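Worksheet for the structure shown next.
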Amino acid sequence: MEVDHTFPVSLGGKTEGENLALACHGCNQNKQNRIAGMDLVSSTSVAIYNPRTMVWEEHFGWSQDTTLVVGKTATGRVTVRLLKLNRSGLVNLRRVLERSGEHPPD
């Protein structure tokens with residue numbers, strides 16, 4: 001895991017607790033310095049999910065086989081797309097974890 005600035009330093013964010021969150025390397029790299037993105041369904045710009053201020057269950061769910069993260073809101077859809085939350089390595093990891101009873105998380 002890496003420490004991510006939820007509001008990037010390059011955009012004026014500070015290195016302080018309320019602006020920091022853990023992220024895997026892939027998600028952190030895909031996020032870059034983005035704080036928003038275009039939702040392809042509503043054609044509006046919306047904030048990327050912020051784990052410090054938003055509730056995961058409000059924005060995301062699981063596909064029927066629990067291998068894919070599904071965006072339930074515009075923020076969820078944008079985050080899934082921009083952070084590439086369903087990239088093959090993550091989907092494969094979820095399959096393995098599901099077989100061992102460790103996925104989906106509670």
Side-chain angles (χ1 to χ4, degrees):
M1 299 300 278
E2 299 177 355
V3 176
D4 172 54
H5 289 81
T6 57
F7 193 83
V9 172
S10 64
L11 299 177
K14 302 214 185 300
T15 302
E16 53 193 23
E18 58 269 8
N19 190 41
L20 303 175
L22 291 177
C24 76
H25 177 75
C27 289
N28 202 15
Q29 292 299 304
N30 286 320
K31 180 182 173 225
Q32 301 174 353
N33 72 338
R34 297 179 180 126
I35 57 172
M38 182 63 65
D39 176 37
L40 302 180
V41 174
S42 65
S43 298
T44 58
S45 180
V46 297
I48 290 175
Y49 175 74
N50 181 336
R52 303 291 265 162
T53 61
M54 298 176 181
V55 178
W56 194 92
E57 292 82 6
E58 291 177 9
H59 298 281
F60 306 99
W62 295 105
S63 62
Q64 188 170 9
D65 69 358
T66 73
T67 61
L68 301 176
V69 178
V70 177
K72 299 184 338 186
T73 64
T75 288
R77 291 187 298 268
V78 164
T79 303
V80 167
R81 182 173 57 83
L82 293 182
L83 274 59
K84 301 179 182 173
L85 297 181
N86 293 319
R87 54 193 183 273
S88 62
L90 291 178
V91 171
N92 290 334
L93 176 61
R94 291 176 195 134
R95 283 187 182 117
V96 169
L97 291 172
E98 191 275 330
R99 288 184 186 125
S100 68
E102 297 180 55
H103 180 77
D106 295 329

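Heavy-atom basis, side chains included; hydrogens, waters and symmetry copies ignored. These numbers come from a predicted model, not from an experiment.
- To the nearest 0.5 Å, atom CG of residue Leu93 and atom NE2 of residue His103 are 8.5 Å apart.
- In this structure, the side chain of Arg52 engages the main chain of Gly17 through a donor-acceptor pair within 3.5 Å.
- Defined by atom type and a distance below 3.5 Å, a donor-acceptor pair is missing between the side-chain atoms of Thr75 and Thr73.
- Residues meeting the side-chain contact (heavy atoms from CB on, under 4.5 Å) test with Val96, sequence neighbours left out: none.
- Annotation: side chain of Leu20 is not in contact with side chain of Thr6 (no heavy-atom distance under 4.5 Å).
- Proximity of Val70 to Trp62: side-chain heavy atoms (C-beta onward) are nowhere separated by under 4.5 Å.
- In this structure, Gly71 and Val80 approach most closely via the heavy-atom pair N-CG2, 4.0 Å.
- With hydrogens and angles disregarded, a donor-acceptor distance shorter than 3.5 Å links the side chain of Asn92 to the backbone of Ser88.
- Using a 4.5 Å cut-off on side-chain heavy atoms (C-beta onward), Val78 and Ile48 make contact.
- Neither side chain, His59 nor Thr79, offers a donor N or O lying under 3.5 Å from an acceptor on the other.
- More than 12 heavy atoms of other residues, nucleotides or ligands shown are found within 6.0 angstrom of CD on Glu16.
- Side-chain N or O atoms of Asn19 include one that pairs as donor or acceptor with a backbone N or O of Lys14 at under 3.5 Å.
- In the hydrophobic clustering of ILVMFWY residues, with side-chain heavy atoms under 4.5 Å counting as a link, Val3 and Met1 come out together.
- Contact annotation: the side chain of Val41 approaches that of Arg77 to within less than 4.5 Å [non-hydrogen atoms, C-beta and beyond].
- Looking at heavy atoms from C-beta onward, Leu82 lies out of side-chain contact with Lys31 at the 4.5 angstrom threshold.
- Side-chain contact between Pro105 and Trp56 is absent, with no heavy atoms from C-beta onward closer than 4.5 Å.
- Paired with Arg94 under the rule side-chain contact (heavy atoms from CB on, under 4.5 Å), one option of Val69, Asp65, Thr66 passes, and it is Val69.
- Tyr49 and Leu68 are members of different hydrophobic clusters when ILVMFWY side chains are connected at heavy-atom separations under 4.5 Å.
- For the residue pair Thr44 / Asp39, no side-chain donor-acceptor distance below 3.5 Å is found, with atom types taken as modelled.
- Contact check for Arg87 versus Asn30: side-chain heavy atoms found under the 4.5 Å cut-off.
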| What do the steps show when you test Asp4 against Leu22 for side-chain contact (heavy atoms from CB on, under 4.5 Å), and what is the final call? | CA-CA 6 Å; Asp4 172 54; Leu22 291 177; over 6 Å; no
